[in-house]
*Asks:* 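Below is a structure I'd like to ask you about.
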Amino acid sequence: MTKNFILAGIDFHAPSDLVARQLIGTVLLVDGVGGRIVETEAYDREDPASHAFSGPTERNGAMFGDPAHAYVYRSYGIHWCLNFVCRESGHGAGVLIRAIEPLEGLERMRERRALEAELLLCSGPGKLCQALGVSRDHNAMALALPPFALWAAPQPVQVVAGPRIGISKAMDVPWRFGLAGSRFVSRPF
DNA sequence: AGGAAGATTTGCT
DNA sequence: GCAAATCTTCCTA
């Protein structure tokens with residue numbers, strides 16, 4: 001029996017920009033804490049802005065592993081950032097989870113985020129990792145297994161796209177996706 | 001061995 | 001709007 005990389009109705013073998021777009025509206029929980037994904041960014045192997053661009057290293061190894069697994073890396077020595085691995089095993093592609101609309105475990109999020117206002121609990125890749133308790137321990141873990149849970153979008157959503165944030169290369173590629181009209185994104189589209 | 005850069009966040013001017 | 005905080009990874013010598 002072959003491994004199944006379809007999760008929440010999304011085929012993680014697909015190119016990262018497709019997966020990033022389809023992830024908008026899905027519900028992500030980590031140990032019961034999480035909410036609706038409202039902002040993502042796609043990164044791919046042939047993408048100068050991607051960690052995978054220069055090939056596998058110790059840091060990005062998970063990106064070259066199986067799809068539908070997590071890739072967690074340290075950002076600016078301070079924050080953790082969570083990605084979902086895409087494409088076939090060994091390709092080196094992923095989707096950065098940039099913002100979540102908090103739905104479950106608000107109390108634990110507030111504890112971890114120092115009682116931050118609800119709108120700001122998960123409005124950024126580093127913030128949502130802090131709120132959901134994601135760290136190095138989650139790197140390379142399967143998204144289909146606990147503590148992760150990913151549910152299909154409860155209802156159809158309208159997705160908007162734009163250039164990615166915080167990068168210095170390929171700044172014209174519109175691989176940032178968001179839930180139209182959401183106030184929980186890290187920055188307006 | 002050393003240094004520069006980094007898919008960020010926060011607070012202050 | 002700008003710069004600091006903070007540290008790991010990766011590249012160069």
*Asks:* Which residues satisfy the side chain to side chain contact (heavy atoms under 4.5 Å, CB included) test with Ala144(A), sequence neighbours excluded?
*Replies:*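 Partners of Ala144(A) by the side chain to side chain contact (heavy atoms under 4.5 Å, CB included) criterion, ordered by chain and then number, come out as Leu7(A).
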
*Asks:* With respect to the side chain of Glu116(A), which nucleotide from dT10(B), dT8(B), dA7(B) is positioned closest?
*Replies:*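 Of the candidates, dT10(B) comes closest.
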
*Asks:* Main chain of Ile78(A), side chain of Arg74(A): is a donor-acceptor contact present, judged purely on distance under 3.5 Å?
*Replies:*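 Side chain of Arg74(A) to backbone of Ile78(A): a pair is present.
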
*Asks:* Flag as yes if Tyr43(A) stacks onto the base of dA7(B) (centroids under 5.5 Å, planes under 30°), otherwise no.
*Replies:*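 According to the criterion (under 5.5 Å, under 30°), yes, Tyr43(A) stacks.
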
*Asks:* Give every donor-acceptor pair under 3.5 Å between a side-chain atom in residues 146-166 of chain A and any protein atom, sequence neighbours left out.
*Replies:*
{"unit_1": "Arg164(A)", "atom_1": "NH1", "unit_2": "Ala42(A)", "atom_2": "O", "d": "2.8"}
{"unit_1": "Arg164(A)", "atom_1": "NH1", "unit_2": "Asp47(A)", "atom_2": "OD2", "d": "2.7"}
{"unit_1": "Arg164(A)", "atom_1": "NH2", "unit_2": "Asp47(A)", "atom_2": "OD1", "d": "3.2"}

*Asks:* Could you list the residues that satisfy ring-ring contact (aromatic ring centres under 6.0 Å, His included) with Tyr73(A), not counting sequence neighbours?
*Replies:*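 Partners of Tyr73(A) by the ring-ring contact (aromatic ring centres under 6.0 Å, His included) criterion, ordered by chain and then number, come out as His51(A), Tyr71(A).
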
*Asks:* Could you tell me whether the side chain of Leu82(A) reaches within less than 4.5 Å of the side chain of Leu132(A), counting heavy atoms only?
*Replies:*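 Leu132(A) vs Leu82(A): side chains apart.
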
*Asks:* Keeping the roles fixed (side chain from Thr40(A), backbone from Ala20(A)), state whether a donor-acceptor pair exists under 3.5 Å.
*Replies:*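 Yes; judged by distance alone, with no hydrogens or angles, the pair exists.
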
*Asks:* Using the P atom as the point on both nucleotides, what is the distance between dA4(C) and dA4(B), in whole Å?
*Replies:*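 The same atom, P, in both gives a distance of 16 Å.
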
*Asks:* Without swapping roles, check the side chain of His138(A) against the backbone of Arg136(A) for a donor-acceptor pair under 3.5 Å.
*Replies:*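 No, His138(A) side chain to Arg136(A) backbone: no donor-acceptor pair under 3.5 Å.
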
*Asks:* Nearest whole angstrom, please: distance from the C1' of dT8(B) to the CD of Glu41(A).
*Replies:*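 Atom CD in Glu41(A) sits about 12 Å away from atom C1' in dT8(B).
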
*Asks:* Quick one: which of dT10(B), dT8(B), dC11(C) gets closest to the side chain of Lys127(A)?
*Replies:*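 The nucleotide sitting nearest to the side chain is dT10(B).
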
*Asks:* Rounded to whole Å, how long is the line connecting atom CH2 of Trp80(A) with atom P of dT8(B)?
*Replies:*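 Atom CH2 in Trp80(A) sits about 15 Å away from atom P in dT8(B).
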
*Asks:* Taking for each residue the nucleotide of DNA chain B with the nearest heavy atom, is it Lys169(A) or Gly124(A) whose nucleotide lies nearer the 5' end?
*Replies:*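 Looking at the nearest nucleotide for each, Lys169(A) comes out on the 5' side.
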
*Asks:* Using a cut-off of 4.0 Å on non-hydrogen atoms, how would the nucleic acid contact of Met171(A) be classed: base, sugar-phosphate, or nothing?
*Replies:*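 Answer is nothing: Met171(A) stays at 4.0 Å or more from every strand.
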
*Asks:* Enumerate all atom pairs, one protein N or O and one N or O from nucleotides 5-9 of chain C, separated by less than 3.5 Å.
*Replies:*
{"unit_1": "dT6(C)", "atom_1": "O2", "unit_2": "Tyr76(A)", "atom_2": "O", "d": "2.6"}
{"unit_1": "dC7(C)", "atom_1": "O4'", "unit_2": "Gly77(A)", "atom_2": "O", "d": "3.4"}

*Asks:* Not counting sequence neighbours, list each pair that qualifies as a ring-ring contact (aromatic ring centres under 6.0 Å, His included) and has a residue in residues 86-111 of chain A.
*Replies:*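 For residues 86-111 of chain A, and leaving out neighbouring residues, there are no ring-ring contact (aromatic ring centres under 6.0 Å, His included) pairs at all.
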
*Asks:* Under 4.0 Å from any atom of DNA chain B, heavy atoms only: list the residues of residues 84-113 of chain A that qualify, in numerical order.
*Replies:*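 DNA chain B contact set from residues 84-113 of chain A: Leu96(A), Arg98(A), Arg113(A).
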
*Asks:* Scan for salt bridge (charged side-chain N to carboxylate O under 4.0 Å, His left out) pairs involving residues 23-32 of chain A, sequence neighbours excluded, and state none if there are none.
*Replies:*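 Checked against salt bridge (charged side-chain N to carboxylate O under 4.0 Å, His left out) - neighbours excluded - the pairs reaching residues 23-32 of chain A are Asp31(A)-Arg108(A).
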
*Asks:* Any protein N or O atoms within reach of nucleotides 2-5 of chain B? Criterion: under 3.5 Å, listing atom names and distances.
*Replies:*
none

*Asks:* Rounded to whole Å, how long is the line connecting atom CD of Glu39(A) with atom C1' of dT9(B)?
*Replies:*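 Taking CD of Glu39(A) and C1' of dT9(B), I get 14 Å after rounding.
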
*Asks:* Could you go through residues 171-181 of chain A and list every donor-acceptor pair under 3.5 Å that involves a side-chain atom there, pairing it with any protein atom two or more places apart or in another chain?
*Replies:*
{"unit_1": "Arg176(A)", "atom_1": "NE", "unit_2": "Glu39(A)", "atom_2": "OE2", "d": "2.8"}
{"unit_1": "Arg176(A)", "atom_1": "NH2", "unit_2": "Glu39(A)", "atom_2": "OE2", "d": "3.0"}
{"unit_1": "Arg176(A)", "atom_1": "NH2", "unit_2": "Arg187(A)", "atom_2": "O", "d": "2.5"}

*Asks:* Which pairs would a plain distance check flag for residues 116-128 of chain A, meaning a side-chain donor or acceptor within less than 3.5 Å of a matching protein atom at least two apart in sequence or in another chain?
*Replies:*
{"unit_1": "Glu116(A)", "atom_1": "OE1", "unit_2": "Arg113(A)", "atom_2": "NH2", "d": "3.4"}
{"unit_1": "Ser123(A)", "atom_1": "OG", "unit_2": "Lys127(A)", "atom_2": "NZ", "d": "3.2"}

*Asks:* What stems involve DNA chain B, if each pair must be Watson-Crick or G-U and both of its distances must be under 3.5 Å, with 3 or more such pairs in a row?
*Replies:*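 Result, WC/G-U stems under 3.5 Å: B:1-6 with C:7-12, B:8-12 with C:1-5.
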
*Asks:* Got Pro15(A) and Arg87(A) here, is their nearest side-chain heavy-atom distance under 4.5 Å?
*Replies:*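 A side-chain contact exists here, since the closest heavy-atom pair is under 4.5 Å.
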
*Asks:* Using whole Å, report how far CG of Asn83(A) lies from C1' of dT8(B).
*Replies:*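 So the CG-C1' distance, Asn83(A) to dT8(B), works out to 14 Å.
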
*Asks:* Could you give all pairs that pass the salt bridge (charged side-chain N to carboxylate O under 4.0 Å, His left out) test and reach residues 148-157 of chain A, with sequence neighbours left out?
*Replies:*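 Sorted pair list comes back empty.
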
